[in-house]
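So the structure is just underneath, and the comments pick up after that.
Quick note: residue numbers are just sequence positions, from 1. What you see is a predicted model, and the numbers here were worked out from it, not measured in a lab.
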Amino acid sequence: MSTPFPFTAVVGQDDLRLALLLNAVSPAVGGVLVRGEKGTAKSTAVRALSVLMPEVDVVAGCRFSCDPDAPDPACPDGPHDGGPYVSRPARTVELPVGASEDRLVGALDIERALAEGVKAFEPGLLADAHRGILYVDEVNLLHDHLVDLLLDAAAMGASYVEREGVSVRHAARFLLVGTMNPEEGELRPQLLDRFGLTVEVAASREPDQRVEVVRRRLAYDDDPDGFAARWADEESAVRARIAAARALLPSVRLGDAALRQIAATCAAFEVDGMRADIVMARTATALAAWAGRTEVLPEDVRQAALLALPHRRRRNPFDAPGLDEDKLDDTLEEFGGSDDDPRPDTDTDPDPDPDGPGGGGQPPQDGPEGDAPAGDVPARGEPSQDGRAPAAQGAGEQSPVRAAEPFRTKVLSVPGLGEGAAGRRSRARTEHGRTTGSRRPRGTLTKLHLAATVRAAAPHQRARGRSGPGLVVRRDDLRQATREGREGNLVLFVVDASGSMAARQRMGAVKGAVLSLLLDAYQRRDKVGLVTFRGSAAEVALPPTSSVDAAAARLESLPTGGRTPLAAGLLRAHEVLRVERLRDAARRPLVVVVTDGRATGGPEPVALAGRAARLFAAEQLASVVVDCEAGPVRLGLAGRLADDLGGTAVTLDELRADSIAGLVRDVQGTSRRAA
């Protein structure tokens, strides 16, 4: 086993280290969700924490790590009446993004069932993580049903398995830590709420600190054992402090004044439910124990709010997590009280070691220094982001138009039975879902259909000389379970942003529709992309993604003006789909072209656009053209484009904020090529 990077050698990231240490002191806090850009030591810090955790005593031979002083009476390996025990380090169990449900919660031991004829339970990762750390890297990419299972186990402290004739309940209390990059998509709000604390991390912009990060990392890579030895004293000190805080925790007093501050803070920030109040109370108590105190002070309540509330204030994916600290301070001051809780000195430091772990106080501010807010837009007439001057054609480039208010869309679905990535939209054959039948496995067997396998093997038992209770099973008898669930789709918008489309009301409605579908995609695990064309070229304004935060910023800053390179837009969209097919060949796309059908610039622009459109028809891609042509005289160019695409055309009057979702649904439902 490789030597982990020392926890105390992590440079900066005080809030991340503090949140992890508070959970080490009091696992009842409920775990940590670490959000941040790539390369910010998220995984390094989490993996390093296990070395600092106190050793655990477990019943010898128990696969479920029962505590010998308080064994689980329902342990499948029990009952445990005294008996020998062993001490071992706390485990860090990593849940891979592609793990199966069987691997997470456990399942029937197929090998023993077939060979010995006995019904036995094979534990999963939840059993391995009991009394340790369960770490999920890129938790936002984990399949929804797996997230539901592990969060339910984390909330109840137990895992319940009812499947394949197995009925098992075992203890599963662990420190749940998830890391994620928000650029790759968000967690659902109800899942965010199940994490006790959240921390936003970002790389330092201080050159000296960045130099120290590089210096330590290079030293560790050159000699991991030697580097760890140089930090052994600091590691031992933090390990001892965790043990002392754990011992002190039951003696910490949470007074009525602190409870009033907690309740008032949660009410002031309109947090749903009561989980936030409970998490804040546990966090404030852990903070006091970590500081070596037996009284919870207002500073503890404030720090608990900064760690426990930001992610619970998200009402929809467009809301950035965070707290108004002035409002927080006003609330704490108003409900501070003074009954039996001491009023602290303003100079008191709740952490006696300001340079050690937990010495930080405030979560990182939104974004790196110098980043403009997402809602900022360049002034009229400014150059584009690539430095080019505004287009001279027609009305020239105009400043970006704000999107119309997003709306709830109707359910979109692609007809037929797909095989795309698991999601919540169209019917599909998936690895997870309800079992609908069985088949012979193609390649590696992943989901055994036990009943079908037994039926296939049963007629041959006498010929195979069976003499014991177990079945004689050969590879030809194995059957793969076929399951039906839901898949996610890719909706790719190809938007004309040229001068002829520069009407502000028109572009605002288009942007609002795209944002609405992106919001729906976030909820249903779709991908949405945006290709725009204007001037002399096309660009991918929004690569296929589920990150609504990035989408909102890109759409708000989309300018208009210039010529209409329709062919370039279609070819760029075709290239995007080609690349996506290489990444995920099973994800079914729908192309939505928003244009008036005009094509200008270059030789024979209309004919070139027609040839580009026929590429989509040749590959049988579902498509729709939203006709934005205006005026009393209509050329019908969008209709011709739809014919070339092999898709459907609709008029601009149908492009209302409350009908674009229905439009996409109708196209998907009637297209002959979408199945």
Side-chain angles (χ1 to χ4, degrees), residues 409-428 486-496 510-533 538 540-546 548 551 555 569-595 612-628 638 641-650 654-655 659-675:
T409 69
K410 299 177 183 178
V411 178
L412 315 181
S413 62
V414 176
L417 196 62
E419 295 183 348
R424 294 191 165 195
R425 187 167 305 281
S426 305
R427 294 175 56 224
R486 294 282 172 174
E487 68 173 0
N489 299 113
L490 168 61
V491 180
L492 181 62
F493 283 83
V494 185
V495 179
D496 184 349
V510 170
K511 288 185 178 182
V514 176
L515 285 176
S516 300
L517 284 172
L518 185 64
L519 176 58
D520 187 65
Y522 159 78
Q523 297 167 340
R524 301 183 184 280
R525 295 301 185 262
D526 280 323
K527 282 188 175 182
V528 173
L530 174 64
V531 172
T532 64
F533 55 95
V540 181
L542 176 66
T545 181
S546 297
V548 295
L555 290 169
L570 295 174
L571 291 174
R572 180 57 64 90
H574 188 268
E575 176 64 16
V576 169
L577 294 181
R578 186 190 67 81
V579 173
E580 284 299 304
R581 278 197 299 272
L582 295 176
R583 295 174 178 170
D584 187 358
R587 188 179 292 271
R588 295 184 290 173
L590 170 72
V591 181
V592 180
V593 185
V594 184
T595 181
R614 285 189 284 275
L615 294 175
F616 292 79
E619 296 178 11
Q620 298 185 341
L621 299 172
S623 61
V624 59
V625 177
V626 180
D627 185 359
C628 299
L641 176 62
D643 292 339
D644 289 333
L645 287 167
T648 306
V650 295
E654 296 173 291
L655 187 62
S659 63
I660 181 64
L663 160 68
V664 177
R665 183 197 59 180
D666 291 340
V667 170
Q668 290 179 324
T670 58
S671 173
R672 295 187 302 274
R673 298 165 304 283

Nearest-0.5 Å distance that lies between atom [atom1] in [X] and atom [atom2] in [Y]:
{"X": "Phe533", "Y": "Leu570", "atom1": "CZ", "atom2": "CG", "result": "6.5 Å"}
{"X": "Leu571", "Y": "Leu615", "atom1": "CG", "atom2": "CG", "result": "6.5 Å"}
{"X": "Arg581", "Y": "Arg578", "atom1": "CZ", "atom2": "CZ", "result": "8.0 Å"}

What's the shortest heavy-atom distance between [X] and [Y], and which atoms?
{"X": "Ser623", "Y": "Leu645", "answer": "OG-CB, 3.6 Å"}
{"X": "Ala638", "Y": "Ala649", "answer": "O-CB, 4.3 Å"}
{"X": "Ala622", "Y": "Pro589", "answer": "CB-O, 4.1 Å"}

Name the residue from Leu582, Leu492, Val531 that meets the side chain to side chain contact (heavy atoms under 4.5 Å, CB included) definition with Leu577. Leu492
Name the one of Val491, Leu542, Val576 that satisfies side chain to side chain contact (heavy atoms under 4.5 Å, CB included) with Leu530? Leu542
For Glu580, is there an ion pair with Arg583 - N to carboxylate O distance below 4.0 angstrom? yes
